[in-house]
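A short worksheet on the structure shown next.
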Amino acid sequence: MKGAPVLEARHASRILPGEVPVTLVNDISLTIHLGEFVSIVGPSGSGKSSLMYLLGLLDVPTSGDILVDGASTKGFNHDRLAALRLSHLGFVFQFHFLLPEFTARDNVLLPMRALGTLSDAEQKDRANELLAQVGLKDHAHKRPDQLSGGQRQRVAIARALANDPQVILADEPTGNLDTASSAQVLTMLRHLVDEHGKALVIVTHDMALAAQADRRVTLIDGQIVSDEAIVQEAGVAG
Amino acid sequence: MMLVLDIALTHVRSRLRQTLVGIMGVATGVGFSVMMASLMEGSQNDFVKQLVDSLPHISVTDDRRVPPQQPAEDQYDAVAYHSLSVETQRRGIKNPFAIMAALEGWLPGTVAPSVQTKSIIRYAGRDLAIAVIGIDPRREKKVSQLATQMKIGTLDDLYKASNAIILGDGMAAKLGIRIGNNVTVTATGGQAIRAQVVGLFHAGIKSVDESQAYVLVKTAQILSAQTGLINELRIRANDAMSARELASLVEAQTGYRATSWQEAHEDLMAAFQIRNVIMLMVVGAILLVASFGTYNIISTITHEKTRDIAILKSLGFREETVRRIFVLEGMMIGIAGVLLGWVFGYLLCRGLGLVEFKSGFTDATRLPLLYAPQHYAIAGGVALFASMLAGYLPARKAASVHPVEIIRGAS
Ligand SMILES: Nc1ncnc2c1ncn2[C@@H]1O[C@H](COP(=O)(O)OP(=O)(O)OP(=O)(O)O)[C@@H](O)[C@H]1O
Ligand SMILES: [Mg+2]
């Protein structure tokens with residue numbers, strides 16, 4: 001079930017320049033494979049989010065390299081990184097980050113329209129399908145402020161999947177949700193890995209959530225202190 | 001891209017009232033610019049037209065560009081001389097009819113002679129200093145507006161009596177003269193004639209209507225005691241703008257000084273140029289100020305939408321795409337403003353066109369307005385460009401937002 005490597009950090013460090021330089025992430029090497037559910041855990045301020053921004057090409061390492069599909073991204077300009085994000089990566093953040101004036105469906109359509117490989121009709125069909133998958137078939141025309149927190153987060157997941165990326169990166173996706181909604185979102189994400197063979201990286205504080213992953217990476221002070229496989233017992237998931 | 005347009009529209013809609021104010025700003029700027037241009041160019045054209053219509057396009061006189069050589073100078077070249085009694089020269093253009101015939105052979109226009117003499121007109125014990133101008137009625141019609149300015153009688157009536165005279169209506173009113181009355185005209189040289197008033201004209205300019213009178217060339221020559229000579233040949237060119245070039249040709253051919261209307265009013269032309277520069281500066285300033293509003297709105301929107309920009313960029317939107325959203329918003333305000341401004345400017349012009357102005361010295365007039373598509377095009381073009389720039393400057397800043405900073409700040 002572990003597939004090809006899709007995302008890799010090689011000795012990646014991120015240091016904020018300044019009078020007192022701040023090291024966010026220090027010499028991290030990490031490989032994510034298709035069909036793998038990886039959780040990143042660690043105390044607050046340990047650099048989990050910072051690592052995720054690097055893996056997600058939202059931020060650029062001060063040294064080291066990030067490889068997507070085995071290809072280096074060293075020296076890529078903003079536009080090339082943006083193009084890779086658009087086609088290869090999907091994000092889910094703690095806050096939903098939906099455009100407030102756009103309906104659920106229009107939000108899901110955003111990445112597809114930006115990429116522009118599907119026809120208008122195909123894009124609409126896919127958006128409807130994705131919303132149905134996250135259980136929001138009847139809420140396609142609602143704006144974010146007309147949806148509950150859990151529903152918004154599910155719209156965000158649908159949007160992250162819009163361009164069928166190989167990797168989904170989620171930073172505390174359940175951080176703002178109650179237990180029931182959390183469980184729903186988690187089931188959905190788990191489903192992506194098991195049924196669609198995608199790679200899923202979740203940053204979380206929630207040890208129960210982390211326990212459902214195939215692999216747990218622990219960070220302390222911007223460094224990986226442990227990287228262990230978790231053997232899932234039958235019946236525990238969901 | 002439709003997506004860019006959709007996003008731009010939601011932004012503009014979220015700031016609808018401010019956007020409308022911005023549109024009104026641009027519209028007001030464009031409207032007033034159009035009105036200014038229309039008024040300035042209209043009045044300039046009107047002025048030039050009046051000038052060109054009322055004055056001969058080229059005036060040929062016996063003035064010289066260099067003072068005449070005195071006979072003594074020929075004889076005693078290198079000797080200093082004092083108290084030289086200068087040779088009196090008979091003033092005027094000799095052989096006018098031969099010259100006119102020669103000019104008319106090639107000149108694209110018409111020529112008319114005139115003889116001017118200062119005189120006193122006397123009637124019923126009252127008198128007035130006037131200018132008596134001798135004309136050829138048949139030629140005069142083609143060269144000046146006089147024929148159309150006749151209030152009573154026609155120019156041909158000058159042939160009706162042996163010494164016929166046409167007076168300005170202001171002069172006639174001042175002296176209480178009616179058609180058919182006989183007046184005494186005494187030239188400054190002393191010659192006096194009795195003349196019968198056969199017509200009145202009204203030029204619309206008070207000083208002209210009170211101090212000018214017309215007689216036949218022959219009559220004026222008697223008054224000024226210069227038989228066979230005339231003072232001035234006036235040429236009306238078919239194309240008024242070609243007067244300058246024609247004048248130099250005429251001067252070369254006749255040897256007399258030919259002054260085009262442009263040369264005669266060089267100062268005026270320069271003044272017009274200054275006026276136009278001032279107008280352009282004012283119009284530019286109006287449009288610039290109008291675009292400040294747009295800049296303000298787009299800046300506000302980019303600040304408000306920083307989060308949206310971060311979202312779009314994190315999803316993989318290119319900076320260029322983000323920039324285009326805000327430039328488009330500026331353009332939308334600009335286009336709406338320009339369209340509205342055109343209507344506004346047109347209405348302003350129409351409104352101004354209804355206003356009547358009265359001054360004591362000329363007849364009542366309406367403001368001369370020029371309706372020219374290029375005014376609309378220029379005002380619109382400048383306003384659009386300014387709007388685009390007003391969108392581009394904040395857009396450039398907005399597009400460089402680092403999504404991580406925003407996302408980190410929000411979570
Ligand atoms: N712009 C910044 N300037 C200074 N320090 C920063 C900046 N951004 C992040 N840091 C620091 O870098 C470290 C790593 O931050 P990061 O957000 O990656 O932690 P985290 O593991 O995601 O924490 P949490 O679990 O609270 O989300 C923290 O100590 C944080 O204070
Ligand atoms: Mg974090």
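If you're wondering where the values come from, they're calculated on a predicted model, not measured in any experiment. Chain naming here is simple, since letters A, B, ... match the order of the sequence lines and numbering starts at 1 in each. Just so it is clear, the values below take in all heavy atoms, side chains as well, and ignore hydrogens, waters and symmetry mates.
- Of residues 40-48 of chain A, no residue lies under 4.5 Å from chain B by any heavy-atom pair.
- Using a 4.5 Å cut-off between heavy atoms, A:Leu98 touches chain B through its backbone atoms (N, CA, C, O) alone.
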Criterion side chain to side chain contact (heavy atoms under 4.5 Å, CB included) on B:Ile407 and A:Phe95, from CA distance to verdict: CA-CA 9 Å; B:Ile407 292 165; A:Phe95 290 89; over 6 Å; no
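- Atom CG of A:Asp79 is separated from atom CD of B:Glu320 by 8.0 Å, given to the nearest 0.5 angstrom.
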Pair B:Asp6-A:Asp106, side chain to side chain contact (heavy atoms under 4.5 Å, CB included): steps then yes or no: CA-CA 10 Å; B:Asp6 276 0; A:Asp106 286 339; over 6 Å; no
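- Interatomic distance, CZ of A:Phe97 versus CG of B:Leu312, reported as 11.5 Å (0.5 Å rounding).
- Heavy atoms of B:Ile311 lying under 4.5 Å from chain A belong exclusively to its side chain.
- Looking at residues two or more places apart in sequence or on another chain, you find no side chain to side chain donor-acceptor pair (under 3.5 Å) involving B:Lys397.
- Note that the CG atom of A:Leu109 and the CG atom of B:Leu3 stand 9.0 Å from one another [nearest 0.5 Å].
- Among the residues in residues 8-36 of chain B, those with a non-hydrogen atom closer than 4.5 angstrom to a non-hydrogen atom of chain A are B:Thr10, B:Ser14.
- Identified by a heavy-atom distance below 4.5 Å to chain B, contributing residues of residues 198-206 of chain A are lacking entirely.
- Between the side chain of B:Arg318 and the backbone N or O of A:Ala83, no donor-acceptor pair lies under 3.5 Å.
- With a 4.5 Å cut-off on side-chain heavy atoms, B:Pro403 and A:Tyr53 do not count as touching.
- For the set A:Arg159, A:Glu172, A:Arg80, the entry with the most heavy-atom pairs within less than 4.5 Å of chain B is A:Arg159.
- Within a 6.0 Å sphere centred on CZ of A:Arg10, heavy atoms belonging to other residues, nucleotides or ligands number 12 at most.
- Around atom CZ of B:Phe385, no more than 12 heavy atoms belonging to other residues, nucleotides or ligands sit under 6.0 Å away.
- Residue A:Asp221 qualifies as open at atom CG: its count of foreign heavy atoms under 6.0 Å is 12 or below.
- By the 6.0 Å contact criterion, CZ on B:Arg350 is open, its count of non-hydrogen atoms from other residues, nucleotides or ligands being 12 or less.
- B:Met2 approaches A:Arg113 most closely through the heavy-atom pair C-NH2, 3.5 Å.
- Contact of A:Ser50 with chain B is made through backbone and side chain together, with heavy-atom distances under 4.5 Å.
- Atom CD of B:Gln273 has 12 or fewer heavy atoms from other residues, nucleotides or ligands within 6.0 Å.
- To the nearest 0.5 Å, atom OG of residue B:Ser314 and atom CG of residue A:Leu86 are 10.5 Å apart.
- For B:Ile7, the parts lying near chain A are the backbone and the side chain together; criterion is any non-hydrogen pair under 4.5 Å.
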Stepwise side chain to side chain contact (heavy atoms under 4.5 Å, CB included) check, A:His78 with B:Ser400: CA-CA 10 Å; A:His78 290 309; B:Ser400 65; over 6 Å; no
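- With chain B as partner, the option from A:Asp59, A:Leu84, A:Leu99, A:Leu89 having the largest number of non-hydrogen pairs under 4.5 angstrom is A:Leu99.
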Steps toward side chain to side chain contact (heavy atoms under 4.5 Å, CB included) verdict (A:Leu58, B:His402): CA-CA 8 Å; A:Leu58 287 166; B:His402 210 328; over 6 Å; no
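- Side chain of A:Arg85 to backbone of B:Phe317: no donor-acceptor contact under 3.5 angstrom is found.
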